[in-house]
Peer 1: 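I'd like to ask you about the structure that follows.
Just so it is clear, the values below take in all heavy atoms, side chains as well, and ignore hydrogens, waters and symmetry mates. The shown structure was predicted, so the numbers you read here are calculated from the model rather than taken from an experiment.
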Amino acid sequence: MPRFCANLTYLFTDLDLPERVGAARRTGFEAVEILFPYDGDAAALRGALLAHDMPLALINCPPPNYIDPDGPRGFAAVEAEAGRFRSAFRRALRYARTLKAERIHVMAGAAEGPGARAVFVDNLRWAVDEADGLPLTIEPINRHDMPGYFLHDFDTAIEVLGAVGAAPDRLGLQFDVYHAARITGDAVATWDRVNAAVTHVQFADTPGRGAPGSGALDFPAMFDRIDRAGYDGWVSAEYRPDGPTEDGLSWLSRG
């Protein structure tokens with residue numbers, strides 16, 4: 001059975017962020033992830049993680065103002081923003097170390113062309129060195145949800161990982177079942193093709209990004225495929241609940 005993680009940016013949102021940690025533990029999750037923890041009380045959050053013995057699987061970099069619908073979706077592949085990316089990454093690294101996060105997801109941002117690819121590879125090489133052993137991930141994100149996003153297919157992601165040349169425990173592929181289904185139409189086949197590079201998994205159903213069972217995906221088959229591949233990392237619930245989070249967790253008991 002996968003090791004399930006709760007994305008606290010999406011789940012238990014009726015509670016303050018530190019309280020969501022306890023809610024996740026009580027309902028059966030074994031870890032949490034938080035996309036952008038930058039505006040909260042880091043000490044209170046770290047205290048909640050310790051009190052409930054909950055690993056923090058992942059945070060995102062950057063930006064802290066991600067909820068702004070007109071704001072950037074990262075800028076690691078944006079040619080004019082190399083300095084901004086590096087400043088933001090150092091901030092993310094400070095938070096990751098304070099909160100004992102296990103990895104940082106580096107967001108590419110909206111960009112196009114060979115220049116964007118070159119700056120993305122260069123920034124990732126720099127970030128791997130700067131992180132000094134803290135694992136990083138990159139994630140293909142579909143352009144329906146994020147128009148213009150540079151890293152919008154798995155072939156490019158695998159090619160970029162090869163170009164950076166970092167060991168998998170330093171830089172890996174973040175596989176989101178929802179995005180894979182939107183990008184390729186077949187999340188299971190995509191998983192079979194790329195899972196050797198995967199170091200973190202997220203999921204939601206399609207097309208509405210709801211809980212497993214709310215849409216078209218066969219999650220028992222998907223979770224079985226993840227197990228059969230020998231993947232032993234976190235599998236994170238990153239979906240939008242239809243009502244209170246606790247009322248939609250029947251999938252968790254089934255695994």
Peer 1: Any heavy-atom pair between the side chains of R117 and T156 that's under 4.5 Å?
Peer 2: no
Peer 1: In sequence, state the C-alpha distance, the side-chain angles, and the governing distance for T13 and R20, and then conclude on side chain to side chain contact (heavy atoms under 4.5 Å, CB included).
Peer 2: CA-CA 7 Å; T13 55; R20 297 178 204 177; 4.0 Å; yes
Peer 1: Run through N60, L58, I59 and flag the one making a side-chain contact (heavy atoms from CB on, under 4.5 Å) with I104.
Peer 2: I59
Peer 1: Under a 3.5 Å distance rule, please check whether T27 uses its side chain to pair with a backbone N or O of A24 as donor and acceptor.
Peer 2: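 Checking the backbone N and O of A24 against the side chain of T27, a donor-acceptor pair under 3.5 Å is found.
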Peer 1: Show the numbers, then the answer: is there a side chain to side chain contact (heavy atoms under 4.5 Å, CB included) between R86 and N123?
Peer 2: CA-CA 8 Å; R86 295 184 183 200; N123 278 334; 3.2 Å; yes
Peer 1: Between D205 and L217 (side chain of the first, backbone of the second, donor and acceptor by atom type, cut-off under 3.5 Å), is there such a pair?
Peer 2: yes
Peer 1: What residues form a side-chain hydrogen bond (donor to acceptor under 3.5 Å, both in side chains) with R90, not counting sequence neighbours?
Peer 2: E130
Peer 1: Within this structure, what is the CZ-CE distance for the pair R143 and M146, rounded to the nearest 0.5 Å?
Peer 2: 12.5 Å
Peer 1: Is a side-chain donor or acceptor of S87 paired with a backbone partner of R84 at a separation under 3.5 angstrom?
Peer 2: no
Peer 1: Determine whether L136 and F154 fall in the same hydrophobic cluster, where Ile, Leu, Val, Met, Phe, Trp and Tyr are linked whenever their side-chain heavy atoms lie under 4.5 Å apart.
Peer 2: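 Looking at the clustering, F154 is in the same group as L136.
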Peer 1: Can you spot which of W251, Y10, Y178 makes a side-chain hydrogen bond (donor to acceptor under 3.5 Å, both in side chains) with Y239?
Peer 2: W251
Peer 1: Of the options N195, D192, D218, which is the one that meets R225 in a side-chain hydrogen bond (donor to acceptor under 3.5 Å, both in side chains)?
Peer 2: D192
Peer 1: Any ion pair linking R103 and E139 (charged N to carboxylate O, less than 4.0 Å)?
Peer 2: no
Peer 1: Is there a side-chain contact between L45 and I34 (heavy atoms, below 4.5 Å)?
Peer 2: yes
Peer 1: Measuring from E30:CD to L252:CG, what's the distance to the nearest 0.5 Å?
Peer 2: 9.0 Å
Peer 1: Under the side-chain hydrogen bond (donor to acceptor under 3.5 Å, both in side chains) rule, collect the residues that match up with R125, sequence neighbours excluded.
Peer 2: none
Peer 1: Can you tell me how far apart OG1 (T137) and CG (D176) are? Round to the nearest 0.5 Å.
Peer 2: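 Answer rounded to 0.5 Å: 11.0 Å.
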Peer 1: With heavy-atom distances below 4.5 Å as the criterion, would you say the side chains of V177 and F219 are in contact?
Peer 2: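 Yes, their side chains come closer than 4.5 Å.
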Peer 1: Are W234 and L99 co-members of a hydrophobic cluster defined by side-chain heavy atoms under 4.5 Å apart?
Peer 2: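 Not linked; separate clusters.
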Peer 1: Establish whether L124 and V119 are linked, either directly or via other cluster members, by ILVMFWY side-chain heavy-atom contacts under 4.5 Å.
Peer 2: no
Peer 1: Which pair of heavy atoms, one from A96 and one from L134, lies closest together, and at what distance?
Peer 2: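 Here A96 and L134 meet closest at CB-CD2, 3.7 Å.
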Peer 1: Relative to the ring of W191, is the ring of Y231 parallel (under 30°), tilted (30 to 60°) or perpendicular (over 60°)?
Peer 2: perpendicular
Peer 1: How close do V121 and A163 get, heavy atom to heavy atom, and via which atoms?
Peer 2: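 Looking at all heavy atoms of both residues, the shortest contact is CG2-CB, 4.0 Å.
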Peer 1: Answer whether the closest heavy-atom distance between the side chains of D227 and P2 falls below 4.5 Å.
Peer 2: yes
Peer 1: Quick check for you: to the nearest 0.5 Å, what is the distance between F150 atom CZ and H152 atom NE2?
Peer 2: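 So the CZ of F150 and the NE2 of H152 are separated by 7.5 Å.
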Peer 1: Quick check against the 3.5 Å criterion: does R182 have a side-chain atom that pairs as donor or acceptor with the backbone of N142?
Peer 2: no
Peer 1: Is there a side-chain contact between V32 and F12 (heavy atoms, below 4.5 Å)?
Peer 2: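 V32 does not reach F12 side chain to side chain.
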Peer 1: Can you check whether M107 reaches I141 side chain to side chain, under 4.5 Å on heavy atoms?
Peer 2: yes
Peer 1: Counting distance only, does the side-chain N/O of S214 pair as donor-acceptor with the main-chain N or O of A211 below 3.5 Å?
Peer 2: yes
Peer 1: What's the separation between atom CD1 in I226 and atom CE in M1, rounded to the nearest 0.5 Å?
Peer 2: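 The distance works out to 12.5 Å.
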Peer 1: Measure across L11 and P241 and return the closest heavy-atom pair with its distance rounded to 0.1 Å.
Peer 2: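 Looks like CD2-CG, 3.6 Å.
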Peer 1: Please name all residues satisfying salt bridge (Lys or Arg N to Asp or Glu O under 4.0 Å) with R193, sequence neighbours left out, ordered by chain then number.
Peer 2: D155
Peer 1: For H200 and E33, which I'm curious about, is there any donor-acceptor pair between the side chains at under 3.5 Å?
Peer 2: yes
Peer 1: Between R209 and R240 (side chain of the first, backbone of the second, donor and acceptor by atom type, cut-off under 3.5 Å), is there such a pair?
Peer 2: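 Not at all, since once roles are kept as given, no pair shorter than 3.5 Å links the two residues.
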Peer 1: For D224, what residues pass the salt bridge (Lys or Arg N to Asp or Glu O under 4.0 Å) criterion, not counting sequence neighbours?
Peer 2: R228
Peer 1: Ring centroids only, cut at 6.0 angstrom: are F223 and F203 within range, meaning strictly under it?
Peer 2: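 Judged by ring-centre distance (under 6.0 Å), F223 and F203 do meet the cut-off.
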Peer 1: What residues form a side-chain contact (heavy atoms from CB on, under 4.5 Å) with A44, not counting sequence neighbours?
Peer 2: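 P18, D41.
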Peer 1: Could you pull out the closest heavy-atom pair between P135 and E102, with the gap in Å?
Peer 2: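 Closest approach of P135 to E102, heavy atoms only: CD-O, 3.3 Å.
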Peer 1: Name all residues meeting the salt bridge (Lys or Arg N to Asp or Glu O under 4.0 Å) criterion together with E19; count only those two or more places apart in sequence or in a different chain, and write none if there are none.
Peer 2: none
Peer 1: Kindly indicate, with the supporting measurements, whether the criterion side chain to side chain contact (heavy atoms under 4.5 Å, CB included) is fulfilled by F29 and S236.
Peer 2: CA-CA 9 Å; F29 290 100; S236 182; over 6 Å; no
Peer 1: Would you check if the side chain of N7 reaches a backbone N or O of A237 as a donor-acceptor pair within less than 3.5 Å?
Peer 2: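 No, the answer is negative, given that no donor and acceptor are paired below the 3.5 Å cut-off.
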Peer 1: Looking only at heavy atoms, what is the nearest atom pair of G109 and Y149, with distance?
Peer 2: N-CE1, 3.3 Å
Peer 1: Taking the side chain as everything from C-beta on, heavy atoms only, tell me whether P140 gets closer than 4.5 Å to L173.
Peer 2: yes
Peer 1: Would you name the heavy atoms of A181 and A187 that are closest together and state the gap between them?
Peer 2: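 Distance-wise, the nearest heavy atoms are N-CB, 4.1 Å.
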Peer 1: When you compare the side chain of L93 with that of D132, does any pair of heavy atoms fall below 4.5 Å?
Peer 2: no
Peer 1: For the side chain of R3 and the backbone of D232, is there at least one donor-acceptor N/O pair under 3.5 Å apart?
Peer 2: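 Checking the backbone N and O of D232 against the side chain of R3, a donor-acceptor pair under 3.5 Å is found.
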Peer 1: Could you go through I138 and F120, starting from their C-alpha distance and side-chain angles, then the distance that decides it, and tell me whether this counts as side chain to side chain contact (heavy atoms under 4.5 Å, CB included)?
Peer 2: CA-CA 10 Å; I138 57 172; F120 192 37; 3.8 Å; yes
Peer 1: Is a side-chain donor or acceptor of T190 paired with a backbone partner of A180 at a separation under 3.5 angstrom?
Peer 2: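 Between the backbone of A180 and the side chain of T190 there is no qualifying donor-acceptor contact (under 3.5 Å).
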Peer 1: In this structure, which one of Q174, H179, H105 forms a side-chain hydrogen bond (donor to acceptor under 3.5 Å, both in side chains) with Q202?
Peer 2: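 So, applying the side-chain hydrogen bond (donor to acceptor under 3.5 Å, both in side chains) to Q202 and each of Q174, H179, H105, only Q174 qualifies.
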